[in-house]
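Just so we're on the same page: letters track the sequence lines, and every chain starts at 1. Computation of the quantities below employed the complete heavy-atom set of this structure, encompassing side-chain atoms and omitting hydrogens, waters and symmetry-equivalent molecules.
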There are 2 protein chains.
Amino acid sequence: MENIVVKNQEVVISVNQLLGQWQGHRRLTRRVIEAFPEDKLFNYSIGGMRTFSALVMEMIEIAYPGVQGLIDGNWKDEVKEQPKTKEELLHLWDVLTERIDRLWPLIPIERFQTVEAAFGMYEDALYSTVLYFIDNEIHHRGQGYVYLRSLGIEPPAFYER
Amino acid sequence: MENIVVKNQEVVISVNQLLGQWQGHRRLTRRVIEAFPEDKLFNYSIGGMRTFSALVMEMIEIAYPGVQGLIDGNWKDEVKEQPKTKEELLHLWDVLTERIDRLWPLIPIERFQTVEAAFGMYEDALYSTVLYFIDNEIHHRGQGYVYLRSLGIEPPAFYER
């Protein structure tokens with residue numbers, strides 16, 4: 001009982017809260033995908049940058065193997081789909097949402113403080129790797145907001161998750 | 001001793017690691033400010049959005065009172081400066097960097113799991129409020145990346161902190 005008290009007092013963010021943050025951001029990103037006209041999703045960009053669909057595929061291609069890697073250090077799962085429509089992209093997004101919810105509870109708690117080269121390349125403590133997944137999504141989604149604004153489209157509210 | 005072991009096993013992200021994430025992002029944002037030509041920092045935007053200096057001022061006006069609010073629920077500190085040059089903006093950024101480093105250790109650990117209306121308005125557990133400060137900065141900085149790209153300027157690498 002005393003252990004539990006100590007644990008609760010010391011928690012900055014719990015493992016479930018971290019998942020909640022990630023999926024909250026992913027819900028917002030899904031709404032940003034939905035806000036794009038289909039052609040602009042696959043064709044539009046600013047300043048020679050990638051299209052928003054390409055940025056979303058980067059998020060997917062990080063998170064899909066990433067959630068398995070967090071569990072056991074296997075960072076090699078591959079995304080086989082290459083969506084060509086908004087509907088296909090949203091479907092892949094939703095498949096990944098379920099995969100993350102299903103695999104997250106299998107991450108051993110001590111993994112978050114384990115230092116490991118994610119994808120064989122990015123050596124860091126895995127809590128920081130997870131935050132990188134989330135931060136990279138926020139970064140690129142913010143770029144999608146500019147694409148939408150430049151098209152005269154009001155993006156979803158940032159604070160709604 | 002047993003308590004300490006339990007604590008270490010359960011940590012997803014420590015209070016110092018959370019500060020490290022925030023200041024790492026703030027170092028990158030500082031480099032993005034530096035990358036802007038002075039006139040574009042204060043005058044340029046896309047799609048009717050705010051200038052990057054205005055976005056940076058939002059980050060400052062959240063973090064300055066925010067770090068005090070995390071300690072004791074006083075969310076009312078005000079930023080008095082309104083920088084008119086890049087140098088003044090960077091100076092204010094650096095003053096805030098020191099303030100965050102100085103005040104962060106004064107946040108009682110149990111505050112991160114305390115639910116409170118930050119700024120009297122945004123009710124959430126304070127760990128989530130801190131993440132909101134960081135996420136909002138990443139979001140707007142990502143928009144600054146598009147401004148830079150559209151000006152033909154290569155932004156700093158996202159992964160360097």
What option among A:L18, A:V146, A:I134 has the most heavy-atom pairs under 4.5 Å with chain B?
A:V146
Has the side chain of B:E116 got a donor or acceptor atom that lies under 3.5 Å from a matching backbone atom of B:E123?
no
What part of B:I13 is in contact with chain A, defined as an atom under 4.5 angstrom from a non-hydrogen atom: side chain, backbone, both or neither?
both
Less than 4.5 Å to any heavy atom of chain B: does that hold for the side chain of A:H140, its backbone, both, or neither?
neither
Minimum heavy-atom distance A:S128-A:D124, with the two atoms named
OG-OD2, 2.8 Å
Please determine whether side-chain contact (heavy atoms from CB on, under 4.5 Å) holds for the pair B:V12 and A:V11, giving the CA-CA distance in whole Å, both sets of side-chain angles, and the decisive distance to 0.1 Å.
CA-CA 8 Å; B:V12 173; A:V11 168; over 6 Å; no
Cluster check B:I107, B:V115: I/L/V/M/F/W/Y, side chain < 4.5 angstrom:
no
Please name the pair of heavy atoms, one in B:P65 and one in B:F119, separated by the smallest distance, quoted to 0.1 Å.
CG-CE2, 3.6 Å
Would you say the side-chain atoms of B:R141 pair up with the backbone N or O of B:H25, donor to acceptor, closer than 3.5 Å?
yes
B:E154 side chain to B:R149 main-chain N or O, any donor-acceptor pair under 3.5 Å?
no
Chain A interface, residue from B:L151, B:V15, B:D135 that has the most non-hydrogen pairs under 4.5 Å
B:D135
Roughly how far apart are A:I33 CD1 and A:L28 CG, rounded to 0.5 Å?
10.0 Å
Chain B-proximal positions within residues 69-95 of chain A [heavy-atom distance under 4.5 Å]:
none
Counting only heavy atoms closer than 4.5 Å, note whether A:I138 contacts chain B via side chain, backbone, both or neither.
both
Any chance you could lay out the side-chain contact (heavy atoms from CB on, under 4.5 Å) test for B:D101 and B:L19, step after step, and finish with the verdict?
CA-CA 8 Å; B:D101 279 340; B:L19 173 62; 3.9 Å; yes
Are side-chain heavy atoms of A:P156 and A:V32 found at a separation under 4.5 Å?
yes
Residues in residues 45-62 of chain A that sit under 4.5 Å from chain B, counting heavy atoms only
A:I46, A:G47, A:M49
Closest approach of A:V130 to A:W104 (non-hydrogen atoms, all atoms of both residues):
CG1-CH2, 4.0 Å
Say whether, by atom type as modelled, one donor and one acceptor occur between the side chain of A:R99 and the main chain of A:V67 under 3.5 angstrom.
no
Could you go step by step and tell me if A:T97 and A:R30 meet the side-chain contact (heavy atoms from CB on, under 4.5 Å) rule?
CA-CA 10 Å; A:T97 300; A:R30 193 186 196 284; over 6 Å; no
Checked A:Q17, A:R111, A:Q143 vs chain B; the most non-hydrogen pairs under 4.5 Å come from A:Q17
Non-hydrogen atoms of chain A under 4.5 Å away: do they reach the side chain of B:Q21, the backbone, both or neither?
side chain
Quick one: of B:Y145, B:Y159, B:Y122, who has the most non-hydrogen atom pairs under 4.5 Å with chain A?
B:Y145
